[in-house]
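A short write-up of the structure that comes next.
So you know, we letter chains A, B, ... as the sequences are listed, proteins then strands, and number each from 1. Computed from heavy atoms alone, side chains included, the values below leave out hydrogens, waters and symmetry copies.
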Amino acid sequence: MAETEHRPTNFIRQIVDKDLASGLHQSIKTRFPPEPNGFLHIGHAKSICLNFGIAEDYEGSCNLRFDDTNPVKEDISFVNSIKQDVHWLGFEWDGEARYSSDYFDQLHGFAVELIEKGLAYVDFSAQDKVREMRGTLTEPGTNSPYRDTDIETNKAEFAKMTAGEYGEGECSLRAKIDMASPFMCMRDPIIYRVKHADHHQTGNKWCVYPMYDFTHCISDAIEGITHSLCTLEFQDNRRLYDWVIENISIDCTPRQYEFSRLNLEYTVLSKRRLIQLVEDGHVSGWDDPRMPTIAGLRRRGYTPGSIREFCKRIGVTKMDNRVEMSMLEACIRDDLNVNAPRAMAVLNPIKLVIENYPQDSAETLTAPNHPNDESMGTRTISFSREVWIEAEDFRESANKKFKRLVLDKEVRLRNAYVVKANRVEKDEAGNVTTVFATYDADTLGKDPADGRKVKGVIHWVDAGSAQPAEFRLYDRLFNVPNPAGEDVFTDSINPESLKVVNGYVEAGLTDAIPESGGWQFERTGYFCLDTDSTTARPVFNQTVGLRDTWAKIGD
RNA sequence: UGGGGUAUAGCCAAGUUGGUAAGGCAGCGGGUUUUGAUCCCGUCAUUCGCAGGUUCGAGUCCUGCUACCCCAGCCA
């Protein structure tokens with residue numbers, strides 16, 4: 001798509017510029033480090049675009065590293081979906097995907113080094129005791145009775161821990177830092193815990209697993225990461241990040257910089273809540289088109305380019321934010337407006353019978369695939385005596401603001417003739433089911449010769465050849481801008497976030513899927529084929545509607 | 001006075017030796033239009049969380065407030 005050409009500028013890129021200019025670094029190395037415990041979402045896309053974007057623009061490289069230090073929460077299926085999503089977004093990681101678990105041996109060695117330096121100890125205090133001794137935000141903690149265990153004993157105990165001689169929760173390895181630190185994470189943080197669990201990468205090799213704070217910085221150093229970018233909640237952790245790097249024998253000092261995570265209105269972007277939506281069946285799965293996941297957006301019809309553009313437009317700062325949905329929608333509209341071929345589809349059909357059109361005959365009309373781009377060519381559409389039109393495009397009477405079909409008035413059938421409504425037929429409930437009309441045969445591709453003006457244009461599909469289809473229309477998943485701020489976030493789920501309607505599309509529409517991934521159904525919106533589609537019955541997802549000033553005015 | 005952060009329009013966000021508030025989204029007004037779309041034109045912060053101070057001049061410097069976010073998992 002037509003992404004904004006200029007490179008983004010943000011405080012992190014300014015740091016990179018400075019580090020390159022000063023000679024601190026000759027080249028830049030970043031990494032995207034997801035934990036494989038769920039699907040990627042639009043918030044991850046921000047981090048992906050930042051990390052891979054910097055690597056690209058500065059001719060450095062970016063690793064994909066699975067931060068897999070907690071085997072009980074992680075699964076191989078997630079590593080596969082994450083790889084797929086990063087690729088789909090258009091990025092290529094450097095070499096093979098890495099895993100924190102690749103470094104378990106080295107990590108263990110560094111833990112032993114810390115013990116040998118008197119900077120780590122095995123603590124047998126019960127978990128609640130550890131918490132108690134940690135103190136509070138305003139009171140310092142107290143030292144564990146195991147804090148001064150001698151080095152040899154600690155080495156032996158850690159070896160026993162590692163050998164599986166202790167149960168989960170019985171003991172842990174703690175860094176000896178400062179129980180009175182104003183940074184809670186510096187109050188002798190646990191760096192290794194016992195978990196008798198199989199790991200998706202290392203199997204049953206280990207029963208002790210390193211904690212995030214100990215693992216991440218070392219993994220960065222091992223991979224030669226120059227700029228380790230993470231979100232704001234890790235700002236305090238940076239002190240521990242730096243402490244570990246300074247106290248082990250490794251000659252690389254990656255630096256951590258924090259930016260604010262993305263918040264999007266009317267949805268949730270926390271893994272915990274996304275998991276709940278899936279597990280409690282509020283959505284059909286991780287790739288439900290209403291989900292803010294990459295998989296959901298993809299199925300909804302969002303393009304990789306539109307998501308990259310979105311990440312560019314929202315920028316990178318340290319400010320708390322909640323971005324409006326309209327920002328995301330503008331990005332996909334900008335993309336599809338240029339790239340999606342046009343077509344016609346009628347979602348809530350009523351029949352239009354053109355009484356003065358010859359019975360049992362049809363003609364083939366030519367329609368441009370894009371009104372502003374001749375290079376997209378033309379297609380043929382069938383026209384005959386009976387066509388489907390949108391129920392909401394007809395009224396028996398209306399004021400002049402209604403630019404559609406009205407009894408005794410004329411309207412243009414898009415790419416076809418001008419017709420005039422003469423009478424209607426209704427069902428028992430009083431709904432119009434058929435409109436009888438006459439057409440002006442001399443208006444194909446031109447205005448009426450007598451100079452009368454026909455203001456309105458409506459879309460249609462030929463009833464004789466139309467392909468029946470299902471359309472899924474989506475609205476915001478939640479009724480409030482910040483569902484995470486509610487007591488029970490699922491209470492604010494929008495019960496009308498999905499509407500299924502039946503209708504018709506032009507014959508042969510789905511014979512070829514456009515490069516853009518979808519179509520613009522003129523006057524309606526952008527749609528793509530859903531994975532539930534069959535040849536016999538196509539199912540379309542509305543990616544986003546057209547901008548609609550008429551809807552705002554109402555009538 | 002625990003500590004760490006952030007405050008520029010409805011939303012996102014530039015603004016970096018102090019020199020007189022970019023851009024995008026949304027909105028509003030108008031033009032073009034066989035999509036109430038697109039496109040085009042115009043409009044949208046005497047003011048940068050608040051209050052003082054320094055200065056010829058402050059969003060940028062100083063002082064004092066205020067608001068909001070994060071930290072007390074053997075999660076990441």
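Per the geometry, CG belonging to D393(A) stands 11 Å off C1' belonging to U35(B), to the nearest Å. Between D334(A) atom CG and A26(B) atom P there is a gap of 8 Å when expressed in whole angstrom units. Straight-line distance from the CG atom of L413(A) to the C1' atom of U35(B): 13 Å, rounded to whole Å. Between N263(A) atom CG and C70(B) atom P there is a gap of 10 Å when expressed in whole angstrom units. Look at CD on E392(A): it is 13 Å from C1' on U35(B), rounded to the nearest Å. Rounded to an integer number of Å, the gap from CZ of R261(A) to P of A76(B) is 15 Å. The interatomic distance linking E410(A) (CD) with U34(B) (C1') rounds to 14 Å, in whole Å. Taking atom CG of residue D335(A) and atom C1' of nucleotide G24(B), one finds them 17 Å apart after rounding to whole Å.
Separation of the P atoms belonging to C48(B) and C75(B) is 48 Å when rounded to the nearest angstrom. Taking the C1' atom of each, A26(B) and C44(B) are spaced 11 Å apart, rounded to whole Å. To the nearest whole angstrom, the two C1' atoms, one in G36(B) and one in G30(B), are 16 Å apart. With P as the reference atom, A58(B) and G52(B) are 14 Å apart, rounded to whole Å. With both ends at atom P, the span from C50(B) to A7(B) equals 14 Å, rounded to whole Å. Rounded to whole Å, the P atom of G5(B) lies 23 Å from the corresponding atom of A9(B). Rounded to a whole angstrom, the distance from the P atom of U60(B) to that of U47(B) is 15 Å. Using P as the reference atom, U46(B) and G59(B) are 13 Å apart when rounded to the nearest Å.
Contact check, R333(A) against A37(B): no side-chain N or O comes under 4.0 Å of OP1 or OP2.
Mapping R239(A) and F521(A) onto RNA chain B by nearest heavy atom places R239(A) closer to the 5' end of the strand. In terms of position on RNA chain B, the residue among P210(A) and L328(A) whose nearest nucleotide sits closer to the 5' end is L328(A).
Using N1 to N3 plus N6-O4 or O6-N4 for Watson-Crick, or N1-O2 and O6-N3 for G-U wobble, each under 3.5 Å, G2(B) pairs with C71(B). With a 3.5 Å ceiling on both atom-pair distances, the Watson-Crick or G-U wobble partner of A7(B) is U66(B). Figure legend. A58(B) is base-paired to no nucleotide; pairs are counted as Watson-Crick or G-U wobble with both atom distances under 3.5 Å.
Applying the side chain to side chain donor-acceptor pair (under 3.5 Å) rule to D178(A) yields no partners; only residues at least two apart in sequence or on another chain are considered. Remark: Y504(A) pairs with no residue by the side chain to side chain donor-acceptor pair (under 3.5 Å) rule, at least two apart or across chains. Residues forming a side-chain contact (heavy atoms from CB on, under 4.5 Å) with K420(A) (at least two apart in sequence, or on another chain): E410(A), N422(A), T438(A). Checked against side-chain contact (heavy atoms from CB on, under 4.5 Å), F478(A) has the following partners two or more places apart in sequence or in another chain: V268(A), L277(A), P483(A), F489(A), S492(A), I493(A). Looking at residues two or more places apart in sequence or on another chain, you find no ring pair (Phe, Tyr, Trp, His ring centres under 6.0 Å) involving H459(A). Residues that satisfy the side-chain contact (heavy atoms from CB on, under 4.5 Å) test with R476(A), not counting sequence neighbours, are Y266(A), N494(A). Every residue two or more places apart in sequence or in another chain that forms a side chain to side chain donor-acceptor pair (under 3.5 Å) with N321(A) is listed here: S260(A). For Q542(A), the side chain to side chain donor-acceptor pair (under 3.5 Å) criterion is met by no residue, not counting sequence neighbours. When the side-chain contact (heavy atoms from CB on, under 4.5 Å) test is applied to V505(A), the partners found at least two apart in sequence or on another chain are A345(A), Q467(A), A469(A), F471(A), L509(A), F521(A), F540(A).
Using modelled atom types, one finds no donor on one side chain facing an acceptor on the other under 3.5 Å when comparing D85(A) with S81(A). Counted by atom type alone, Y241(A) and D220(A) present one or more donor-acceptor pairs between their side chains at under 3.5 Å. Looking only at atom types and distance, the side chain of D335(A) has no donor-acceptor partner in the side chain of S306(A) under 3.5 Å away. A donor atom on one side chain and an acceptor atom on the other are not found under 3.5 Å apart for E522(A) and Q520(A).
Residue side chain R342(A) reaches the base of U35(B) through a donor-acceptor N/O pair under 3.5 Å, judged by distance alone. Judged by atom type and distance alone, R238(A) does not reach the base of G4(B) through any side-chain donor-acceptor pair under 3.5 Å.
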Tabulate protein N/O versus nucleotide N/O from nucleotides 48-50 of chain B, keeping only pairs under 3.5 Å, one per line.
none

Pick out the pairs of N or O atoms, protein on one side and nucleotides 71-75 of chain B on the other, that lie under 3.5 Å.
| unit_1 | atom_1 | unit_2 | atom_2 | d |
| --- | --- | --- | --- | --- |
| A72(B) | O2' | R134(A) | NE | 3.4 |
| G73(B) | OP2 | R134(A) | NH2 | 3.2 |
| C74(B) | OP1 | R134(A) | NH2 | 3.2 |
| C74(B) | OP2 | R134(A) | NH1 | 3.2 |
| C74(B) | N4 | S125(A) | O | 3.3 |
| C74(B) | N4 | G169(A) | O | 3.0 |
| C75(B) | OP2 | R193(A) | NE | 3.1 |
| C75(B) | OP2 | R193(A) | NH2 | 3.0 |
| C75(B) | OP2 | K195(A) | NZ | 3.3 |
| C75(B) | O3' | R193(A) | NH2 | 3.1 |
| C75(B) | O2' | N70(A) | ND2 | 3.1 |

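Here Q520(A) lies in heavy-atom contact (under 4.0 Å) with a base. Contacts of P371(A) with the nucleic acid, taken as non-hydrogen atoms under 4.0 Å apart, include base atoms. If you check every strand for non-hydrogen atoms under 4.0 Å, G445(A) touches a base. Nucleic acid contact for R412(A): base, since at least one base atom lies under 4.0 Å from a heavy atom of the residue.
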Nucleotide by nucleotide, 5' to 3', does protein get under 4.0 Å of the base (B), only the sugar-phosphate (S), or neither (-) in nucleotides 8-15 of chain B, counting heavy atoms? B-BSSSSS
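Between R255(A) and D242(A), at least one side-chain N (NZ, or NE/NH1/NH2) sits under 4.0 Å from a carboxylate O, which counts as a salt bridge.
By the rule that a glycosidic angle within 90° of 0 means syn, G73(B) counts as syn.
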